[in-house]
A.B. asks: 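Take this structure first; my questions come after.
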Amino acid sequence: MDSEPIEQAGAGVPDSFQRLWTPHRMAYIKGENKPSGSGADDGCPFCEIPGLSDEDGLIVARGLAVFVVLNLYPYNSGHLMVCPYRHVSDYADLDGPETAELAEFTKRATQALRKASGAQGFNVGMNLGGVAGAGIAAHLHQHVVPRWGGDTNFMPVVGRTKVLPQLLRDTRDLLADAWPAAS
């Protein structure tokens, strides 16, 4: 026969749930590190990241017009973003070389993710404007989210939490090593 749970001082009555803490998400929830305005000098992280080392900025690859960086608040492990260096908010405002390199680096991102993690599919896209869901609408970025069969479970639905099995720096190292050379 099960005995009654004993109340723990300051912690209440224990239950059978294990706890998964995701304290890094609080920065996202509170809007920390969001730009204060729409200009490049208003704290835009996509303008600041290229000035950091690849390791500190979580940059996987650099091109002439774009760079590839891990998302700090990923939907899945390996969630990448392809960003132009130039501070531009609308896809239509990219010039020809930026558009071509953004497309090429998106293609190479899928190749690196397949090689490094065995990704079976991808969600690729842009949220243009705040009303479309862009967290940082002032600086265009294309998401590349790796997917695997069965990667959806109860955690995002019930717990509103994603389980990421790897530290971002470790993911960055794997993807940088798997990044394909220009063809």
A.B. asks: How long is the span from the CG atom in Leu128 to the OG atom in Ser89, to the nearest 0.5 Å?
C.D. replies: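 Here the rounded value is 8.5 Å.
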
A.B. asks: Does Phe105 belong to the same Ile/Leu/Val/Met/Phe/Trp/Tyr cluster as Leu174, with side-chain heavy atoms less than 4.5 Å apart forming each link?
C.D. replies: no

A.B. asks: Would Gln111 and Lys115 count as a side chain to side chain contact (heavy atoms under 4.5 Å, CB included) if you check the C-alpha gap in whole Å, the side-chain angles of each, and the deciding distance to 0.1 Å?
C.D. replies: CA-CA 6 Å; Gln111 293 169 323; Lys115 181 178 179 182; over 6 Å; no

A.B. asks: Say whether Phe67 and Ile136 are linked into one hydrophobic cluster, either directly or through other cluster members, by side-chain heavy-atom distances under 4.5 angstrom.
C.D. replies: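 The answer is yes; both residues are in one hydrophobic cluster.
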
A.B. asks: What pair of heavy atoms forms the shortest contact from Asn123 to Arg147, and how long is it?
C.D. replies: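 Reported closest heavy-atom pair: OD1-NH1, 2.9 Å.
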
A.B. asks: State, to 0.1 Å, how close His143 and Asn127 come at their nearest heavy-atom pair, and which atoms those are.
C.D. replies: NE2-ND2, 4.3 Å

A.B. asks: Between Tyr73 and Val69, is there a shared hydrophobic cluster once you connect ILVMFWY residues whose side-chain heavy atoms come closer than 4.5 Å?
C.D. replies: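 Tyr73 clusters together with Val69.
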
A.B. asks: Evaluate the criterion side chain to side chain contact (heavy atoms under 4.5 Å, CB included) for residue pair Val68 and Trp179; output intermediate values, then yes/no.
C.D. replies: CA-CA 10 Å; Val68 179; Trp179 193 259; 3.7 Å; yes

A.B. asks: With the side chain counted from C-beta on, respond yes when Asp54 and Arg172 share a heavy-atom pair under 4.5 Å apart, and no when they do not.
C.D. replies: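 Touching, per the 4.5 Å side-chain cut-off.
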
A.B. asks: Tell me whether Tyr91 shares a hydrophobic cluster with Val144, the cluster being built from Ile, Leu, Val, Met, Phe, Trp, Tyr side chains joined at under 4.5 Å.
C.D. replies: yes

A.B. asks: Would you say that Val124 contacts Thr106 through its side chain, given a criterion of any heavy-atom pair below 4.5 Å between the two side chains?
C.D. replies: yes

A.B. asks: At their closest point, which heavy atom of Cys44 faces which heavy atom of His139, and how far apart are they?
C.D. replies: SG-ND1, 3.3 Å

A.B. asks: What are the two closest heavy atoms between Met126 and Leu140, and how far apart are they?
C.D. replies: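 Smallest interatomic distance, heavy atoms only, reads SD-CD1, 3.4 Å.
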
A.B. asks: List the atom of Val66, the atom of Glu98, and the distance in Å for their closest heavy-atom pair.
C.D. replies: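 Here Val66 and Glu98 meet closest at CG1-O, 4.1 Å.
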
A.B. asks: Does the Gln120 side chain pair with the main chain of Gly149, one donor and one acceptor, at a distance under 3.5 Å?
C.D. replies: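 Yes: the side chain of Gln120 pairs with the backbone of Gly149.
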
A.B. asks: Before you tell me yes or no, could you show the steps for Arg169 and Glu55 under salt bridge (charged side-chain N to carboxylate O under 4.0 Å, His left out), namely the whole-Å CA-CA distance, both residues' side-chain angles and the distance that decides it to 0.1 Å?
C.D. replies: CA-CA 7 Å; Arg169 286 185 184 268; Glu55 291 77 16; over 6 Å; no

A.B. asks: Between His87 and Phe46, is the ring centroid distance below 6.0 Å?
C.D. replies: no

A.B. asks: For the pair Ser117 and Trp148, evaluate side chain to side chain contact (heavy atoms under 4.5 Å, CB included) and give the outcome as yes or no after the intermediate values.
C.D. replies: CA-CA 10 Å; Ser117 67; Trp148 299 267; 3.4 Å; yes

A.B. asks: Side chain to side chain contact (heavy atoms under 4.5 Å, CB included) for Thr171 and His79? Distances and angles first, verdict last.
C.D. replies: CA-CA 9 Å; Thr171 303; His79 180 167; over 6 Å; no

A.B. asks: Can you tell which of Asn76, Val145, Leu113 makes a side chain to side chain contact (heavy atoms under 4.5 Å, CB included) with Phe122?
C.D. replies: Leu113

A.B. asks: For the atom pair CG (Asp170) and CG (Leu175), what is the distance rounded to the nearest 0.5 Å?
C.D. replies: 11.0 Å

A.B. asks: How many angstroms lie between atom CD of Glu101 and atom CG of Asp95, to the nearest 0.5 angstrom?
C.D. replies: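 Result: 10.5 Å between the selected atoms.
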
A.B. asks: Which heavy atom of Leu70 sits nearest to which heavy atom of Met81, and what is that distance?
C.D. replies: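 In this case the closest contact between Leu70 and Met81 is O-CE, 4.1 Å.
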
A.B. asks: Tell me if a side-chain donor or acceptor on Arg62 pairs with a main-chain N or O of Pro50 at a distance below 3.5 Å.
C.D. replies: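 Yes; at least one donor-acceptor contact below 3.5 Å.
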
